[in-house]
Structure formats: structure tokens, C-alpha cells
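Some notes on the structure that comes next.
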Amino acid sequence: MAPRDITLFCLVLCLGQKIQAQDGNFPIPIISATPSSVIPWNGSVKILCRGTLESYLYQLEILENLTYKQVEKQLGFQEVAEFVINPVDTSTAGRYQCRYRREHHWSAPSEALELVVTGLYDKPFLSTNGGHVAMPGENISFQCSSAHMSFDRFSLSRPGGPTLSRHRDARLQVDFTLGPVNLSFSGVYTCYSWHSGRPYVWSAPSDALELVVTDTARQDHTTENWVRMGVAGLVLLALLAILAENRLGPQLPHQEDQQDLPDLSWSWQKSQTEWTFGLTPKDHQGDSWS
């Protein structure tokens, strides 16, 4: 069969599978790896294929020579099928996909999962030119280099984040520029070196480099505002205390006001003397000495 006929046959076959999946209203399966898709040499990984509760057969496939070949099948009604790859080495690392069978039809294949094995080459060196602390909105640059000149690919990774890959030019290192960064960029970064001809076989990871993205300026402004509010509150309490003391304290007349008041002490003493001799002020005014 001519190559053109083979290509046409593959296209018709894939199109027929997708049409069958659409006719049966089958969701596309979801493939994932735990603990990660980047596994050390001779490690173990679990590949998960999520389908539907009505799925009774799952199939895991690996890409070899531009064709996906069956790796393993699992029979039984289940929503998620687990495929354990142990050990992970150069023969099991590669590009995987999965599909499930429901009723009388296969689903469409999942997206590809790239399983990488690490530790076959010496670790590269990772550094940064901006320090380990960055502010939101800044750009941070990582440099990954290796003593082995033959490597033409480098990758920068962070747990829970995407893996970035770069092609090395004539220089001895590769620059990874991230930014503008935000708080989610904080984490521990490592880099790997590898050959483009063997994309699933990487070196050992570099020494980890931690990046901290923090908004210290905003925190300083917040603390300063709290201090200002506290000082203003103390001043307000002091003013209220002074006003309360002036309102509730004794109201004594001023010295100028006392000069306008009558001298009541002499009148009171005179009245007391007259009452002592049995006279009233009125009787005293009517008497005369003859």
C-alpha cells in the first residue's frame, strides 16, 4: 500500500472514531499522572484515565514510530482507570494517550501525556540575575547552563506550574524570563538539560532555587496607616478628656467678677450683733439717745 493510501486510511479511521464518539455523546477522556509526569530513573508513576461510569473497558497507548500502540487494558465498569508504570526508564518514557469503550464504540483519544525520565546525565546549574526576591510586576530571569556542550535543550519547571523549554543557541546557557510576576510565581524552581533527539530523557535536576514574590511596600503602607490612625485616636481621646473636665469641674467666679458683688460678710456680722442684744435691725433704727 502506498504511503498516500496509508495516510488516507489513518485519517478515515480517526475520523470514524470521532464520529462514533460524537454519535454516542461520549466525553473525551482526561489523562493525568501522579505524583508527576517527570519521574526519576527507576521510579514509579501512576497514569490515570478518567472516562464515565458506563465505561467498561480502558486502554492505555504509547506513541512509537508515529503510531500509538497498546500498552495495557483494564476491564470493568469504573469512572477512572489506573495504570502503573514501574519502573520508569528509557523504554517506558514517552508520549501516552488513553481511551475508553462504552456500549459498542470507542471514545476519542485523550490529549497526549508526556512521561519524562530524569537522572541520566549530570545536573545543570541554575542561577538568577535578579536575586531570590521579586516585587509584583517585575520580570525575573533564570539562567540554566551545563558543562556538557552537546545539550541543545533546557527546561525550567516548578511543582504545580507549567514546564518551560528553550533551545540553546551558540551561548553556553539558556535564559528563562518570567514576568510580569505575581504572588503565584513564588515557588521552588529547577532546570534540566536534554537532547532534542531524545525529548523524554532528561538530566538530573539542578539544585533548587526558591523565588519569593512579595508585596512588602503595600504591607509597609498598611502598617503606617494603622500607626497614624492609632495616634489620631489617642489625640481625640485627650481632647475629649479636657472638654469633659471643663464641663464637670467647679465654676468659680473670676477676680474681676468678685469686685461687682456686695460685701455680704459685714451685713451678716452686724445682724448677728443686733440679735444678740435683743434688737432687730428695725428696732435699732427707731431708738435715739436722749
- From CA spacing to verdict: side-chain contact (heavy atoms from CB on, under 4.5 Å), Ser44, Val84: CA-CA 7 Å; Ser44 177; Val84 177; 3.9 Å; yes

With sequence neighbours left out, write down each residue that passes side chain to side chain contact (heavy atoms under 4.5 Å, CB included) with [X], or none if nothing qualifies.
X      : value
Thr52  : Pro27, Glu54, Ser55, Tyr100, Arg102
Ala204 : Lys123
Thr163 : Ser155, Ser157, Trp202

- Audit row: Leu57, Lys73, side-chain contact (heavy atoms from CB on, under 4.5 Å) steps and yes/no: CA-CA 7 Å; Leu57 180 62; Lys73 284 186 177 181; 4.3 Å; yes

Verify the cluster assignment for [X] and [Y]: are they in a single hydrophobic cluster under the rule of side-chain heavy atoms below 4.5 Å apart?
X      : Y      : result
Tyr58  : Val45  : yes
Leu209 : Phe185 : yes
Leu178 : Tyr192 : no
Val88  : Trp41  : yes
Ile39  : Val116 : no

Between [X] and [Y] (side chain of the first, backbone of the second, donor and acceptor by atom type, cut-off under 3.5 Å), is there such a pair?
X      : Y      : value
Thr128 : Ser141 : yes
Ser186 : Val213 : yes
Ser193 : Ser203 : no
Thr34  : Lys46  : no

Nearest 0.5 Å please: distance from the [atom1] atom of [X] over to the [atom2] atom of [Y].
X      : Y      : atom1 : atom2 : answer
Leu113 : Leu63  : CG    : CG    : 12.5 Å
Ile85  : Glu72  : CD1   : CD    : 7.0 Å
Leu48  : Ser110 : CG    : OG    : 11.5 Å
Thr177 : Asn129 : OG1   : CG    : 8.0 Å
Glu61  : Lys69  : CD    : NZ    : 12.0 Å
Asn42  : Asp89  : CG    : CG    : 6.5 Å

Atom of [X], atom of [Y] and distance for their closest heavy-atom approach:
X      : Y      : result
Val174 : Arg166 : CG1-CB, 3.1 Å
His195 : Phe151 : NE2-CE2, 3.6 Å
Gln173 : Gln143 : NE2-CG, 3.4 Å
Leu211 : Ala134 : CD1-CB, 4.3 Å
Ser107 : Arg99  : O-NH1, 3.5 Å
Ala108 : Ile28  : CB-CG1, 4.4 Å

- Query: Is the number of heavy atoms from other residues, nucleotides or ligands within 6.0 Å of CD (Gln70) greater than 12?
  - Reply: yes

- Query: Any side-chain heavy-atom pair from Tyr121 and Val201 closer than 4.5 angstrom?
  - Reply: yes

- Query: Are side-chain heavy atoms of Asn139 and Pro180 found at a separation under 4.5 Å?
  - Reply: yes

- Steps toward side-chain contact (heavy atoms from CB on, under 4.5 Å) verdict (Val71, Phe83): CA-CA 9 Å; Val71 176; Phe83 301 93; over 6 Å; no

- Message: If only side-chain N and O atoms count, and only distance matters, is there a donor-acceptor pair under 3.5 Å linking Asp152 with Ser196?
- Response: yes

- Please list, chain by chain and in numerical order, all residues satisfying side-chain hydrogen bond (donor to acceptor under 3.5 Å, both in side chains) with Glu64, sequence neighbours excluded. none

- Set of residues satisfying side-chain hydrogen bond (donor to acceptor under 3.5 Å, both in side chains) with respect to Arg153, sequence neighbours excluded: none

- Message: Please enumerate all residues that pass ring-ring contact (aromatic ring centres under 6.0 Å, His included) together with Tyr189, with sequence neighbours excluded.
- Response: Phe142

